[in-house]
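Sequence lines set the chain letters: A, B, ... in the order given, protein chains first and strands last, and positions in each chain run from 1. Just so you know, these numbers come straight off a predicted model, no measurement behind them.
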Protein chains: 2
Amino acid sequence: MTKPPATEPRRTLTLRDVSEASGVSEMTVSRVLRNRGDVSDTTREKVLIAARSLGYVPNKIAGALASQRVNLVGVIIPSMSNMVFPEVMMGISETLEDTGLQPVVGITNYSPEREEAVLYEMLSWRPSGVIIAGLEHTPASRAMLESAGIPIVEIMDIDGEPVDSAVGISHLRAGLQMAEAIVAAGYRRIGFLGTKMPEDHRARKRLEGFREGLRRAGLELADEEYYAGGSALMKGREMTEAILRRTPDLDFLYYSNDMIGAGGLLWCLDNGVDVPNRLGLAGFNGVELLDGLPRKLATMDACRREIGIHAAEIIAGKRPSGVVGGERIELFPTLQPGDTIRKV
Amino acid sequence: MTKPPATEPRRTLTLRDVSEASGVSEMTVSRVLRNRGDVSDTTREKVLIAARSLGYVPNKIAGALASQRVNLVGVIIPSMSNMVFPEVMMGISETLEDTGLQPVVGITNYSPEREEAVLYEMLSWRPSGVIIAGLEHTPASRAMLESAGIPIVEIMDIDGEPVDSAVGISHLRAGLQMAEAIVAAGYRRIGFLGTKMPEDHRARKRLEGFREGLRRAGLELADEEYYAGGSALMKGREMTEAILRRTPDLDFLYYSNDMIGAGGLLWCLDNGVDVPNRLGLAGFNGVELLDGLPRKLATMDACRREIGIHAAEIIAGKRPSGVVGGERIELFPTLQPGDTIRKV
DNA sequence: GGAGGTCTTGATAGCGCTAACAGTAGCAGA
DNA sequence: TCTGCTACTGTTAGCGCTATCAAGACCTCC
């Protein structure tokens, strides 16, 4: 039988091809490629040369099915566009790096239905664990998480009942603290600017906590302004102008995130508003970006990187002491007064 | 033998469980769950009820192995932290949404070795296609891409030889055009500010094209300044101050990206530099963020969303006319002069 | 000398699903 | 009545890999 010409229609390679090319069993090839079990140096060498020269890429689908192990960790977050989640991701990837585990991201756009769909899709790949933002999920999502039989870490928030483990900060408390700081600095006519996002539970909780803080001082919000979509910086300018036109005697503006806060700050500087004496400003998140602004906006960092690190550690089983699951790690954000709150 | 009490240690469910619970064969369950093939309404109903009440989640690993089809598309990009790639991702996800295909992202941090590793990992899941940033890869990466036997789309750049398809803009030309516009506006003492990133080939090509543009006008760069790491906005300020201190007679600064450009702009405004008369500024990318700045930075949009859309269309086989592969789509960025280049 | 290692390799049996084909029933048309 | 179809359901045989066990070769130590 004559060999067909060099370029035969290429099937995708399997272990068998490498096994034939190197003259050992498939099992041995598998062992070499996974660095598992004893294989003599000469055999190992032969196999590696054969695999490389063929350009063999293992099929993890088959491998995962056979071994019942998948090196994937599902990460489900609402968005990637504001700076907050990328930073969480950094913490996660960095921590997972030397564990052989690999994050796979799903985006929900703050939609519970979408979250449910993304979760279903993820679980159908049988990941080793799931990291998911928030504690609020549809009943179906919660049921899936509960019966998945893998570690689940709910991140960002700890005001609620986690399915399994949770790592985050208390947004209720964050809002409360900010209110206290503002009141302590002597501001009294306080406005709030935020997003129209009923499903952003963390922003909602911050506002709730903020209101509570004001109430304890016998105050309440003097005005509110909400937006949806568009460039946050620009929206911050527009909203600031709008709220001040409507309620000119406001002496403080609390923004639900740093980006609109920064927009507000720029508007004030452009329009000669005396910050922080005539008007104080504060945001939330501690976005690094703001470091370059002419003045530093008061904010509260959300411990984003740390949250990612801790969550990944739980999934990777790296937590100290033999804790098995159901961990609850609360982190504590610190207030950064910047230049936009009066010093007391 | 007595049945163990209700709460027995839960194995993960398989088709067989649903099949037993609903009294039909596994095959029929499979058909119902995938909506494929004819199944009577009554059977369908029975199966769906059983599946739902058990909380069955299909195992895509087994499904993919059996069907030799994987609904995943690998997307390999250098970074997620500057605003450029998230926007490409939006275009991709949006386009893939109704195709049953699902993007899976890998990040390389501009490291060719990392890219190689990420690519290997991705290919081992046998995705339906790969979208990868840039045309420059290690020989091993290129070999993998060539022999993967799936559609490959290299994005962002088209100055080079693609493995299969390519969608992007010419960064060489982008740099050249910007140089021409600057020269035409009468600027002569031109500085460049960029990142220390030998592996950011697109930034390199823009600079190359920019130099060529200056040379054609008998000019050359009067000074250069590079940075690495840190908050881009902040770095933009610092670098601007540094380059102007060193070469005070510069009349134009070309930044390799909008963020440092924005930092530069803020510095100029803070320090009373007359922009654009005494000093002109320009960046690159067309980042939406900049909309909120006091003055609009000259820039060039990089067609990021469109790139994502076209790339996804190629993978999904949505391209018009029966083109099979090896498509090359060039997009053309437009110059947005903003307020930081003198009107001619 | 033989029991009991260690090291290395291979054979076998699935993992949970789906492609492909093989029925079976029911019904229209000749 | 039989053929030929459509609608539905089940059986069989893998997909490409790994867990597990078995076995051969070669030692070591009483």
Side-chain angles (χ1 to χ4, degrees), chain A residues 10-48 50-51 54-72 100 121 123-128 148-149, chain B residues 10-48 50-51 54-72 100 121 123-128 148-149:
Chain A
R10 194 176 38 246
R11 296 165 309 97
T12 70
L13 298 166
T14 72
L15 264 194
R16 153 162 258 106
D17 296 294
V18 183
S19 135
E20 281 169 359
S22 56
V24 301
S25 71
E26 297 178 34
M27 195 58 229
T28 301
V29 176
S30 168
R31 279 196 270 254
V32 171
L33 265 23
R34 284 177 303 147
N35 260 317
R36 210 171 300 272
D38 295 316
V39 179
S40 71
D41 288 347
T42 53
T43 307
R44 174 184 312 281
E45 206 57 27
K46 261 195 309 193
V47 170
L48 286 178
L54 289 174
Y56 172 70
V57 178
N59 185 331
K60 286 218 181 183
I61 299 193
L65 182 60
S67 67
Q68 303 284 62
R69 265 184 279 101
V70 181
N71 70 337
L72 264 24
E121 166 78 15
L123 289 180
S124 75
W125 287 101
R126 301 288 187 267
S128 300
Chain B
R10 197 177 34 245
R11 297 166 308 98
T12 70
L13 298 165
T14 71
L15 264 195
R16 153 161 258 106
D17 297 293
V18 183
S19 134
E20 281 169 0
S22 55
V24 301
S25 72
E26 297 179 34
M27 196 59 228
T28 301
V29 176
S30 168
R31 279 196 270 254
V32 171
L33 264 23
R34 284 178 301 145
N35 261 317
R36 211 170 299 272
D38 295 316
V39 179
S40 73
D41 287 348
T42 54
T43 307
R44 175 185 311 282
E45 205 57 27
K46 262 194 309 192
V47 170
L48 287 177
L54 289 175
Y56 173 70
V57 178
N59 185 332
K60 286 218 181 184
I61 298 194
L65 183 61
S67 67
Q68 305 282 60
R69 264 185 279 102
V70 181
N71 70 336
L72 264 24
E121 166 79 15
L123 289 180
S124 76
W125 287 101
R126 301 287 186 266
S128 300

Heavy-atom check, side chain of A:Arg44 versus side chain of A:Asn35, under 4.5 Å: yes
Full working for side-chain contact (heavy atoms from CB on, under 4.5 Å) between A:Leu13 and A:Val18: CA-CA 8 Å; A:Leu13 298 166; A:Val18 183; 5.9 Å; no
Under 4.0 angstrom between B:Thr28 side-chain N/O and D:dC8 OP1 or OP2: no
Distances under 3.5 Å between nitrogen or oxygen atoms of protein and nucleotides 13-17 of chain D:
residue, atom, partner, partner atom, Å
D:dC15, O3', B:Gln68, NE2, 3.1
D:dC15, O2, B:Leu65, O, 3.4
D:dC15, O2, B:Ala66, N, 3.2
D:dG16, OP1, B:Gln68, NE2, 3.2
D:dG16, N2, A:Ala62, O, 3.2
D:dC17, OP1, A:Tyr56, OH, 2.2
D:dC17, OP1, A:Asn59, N, 3.3
D:dC17, OP2, A:Leu15, N, 2.4

Minimum side-chain heavy-atom gap B:Asn71-B:Lys60 below 4.5 Å: yes
Nucleotide nearest B:Met27 when distance is taken to its side chain, options C:dA19, C:dG10, C:dT8: C:dA19
Stepwise side-chain contact (heavy atoms from CB on, under 4.5 Å) test for B:Val24 and B:Val29: CA-CA 7 Å; B:Val24 301; B:Val29 176; 3.7 Å; yes
Spacing between A:Arg36 atom CZ and D:dT20 atom C1', to the nearest angstrom: 15 Å
Given DNA chain D, 5'-ward residue of the pair A:Arg69 and B:Asp41, judged by closest heavy atom: B:Asp41
Within 6.0 Å of CZ in B:Arg16, more than 12 heavy atoms from elsewhere: no
Nearest heavy-atom neighbours spanning A:Asp17 and A:Thr12: OD2-O, 4.3 Å
Overall bend - the helix from C:dG1-D:dC30 to C:dA30-D:dT1, comparing terminal axes fitted on five pairs, nearest 10 degrees: 50°
Candidate pair B:Leu33 and B:Tyr56, rule side-chain contact (heavy atoms from CB on, under 4.5 Å), full reasoning: CA-CA 10 Å; B:Leu33 264 23; B:Tyr56 173 70; 3.5 Å; yes
N/O (side chain, A:Thr43) to phosphate O (OP1/OP2, C:dT8) under 4.0 Å: no
Nucleotide C:dT18, atom P - distance to CG of B:Asn35 in whole Å: 12 Å
Interatomic distance where CG belongs to A:Asp38 and C1' belongs to C:dG5 [whole Å]: 14 Å
A:Val70 backbone acceptor or donor facing A:Ser128 side chain under 3.5 Å: yes
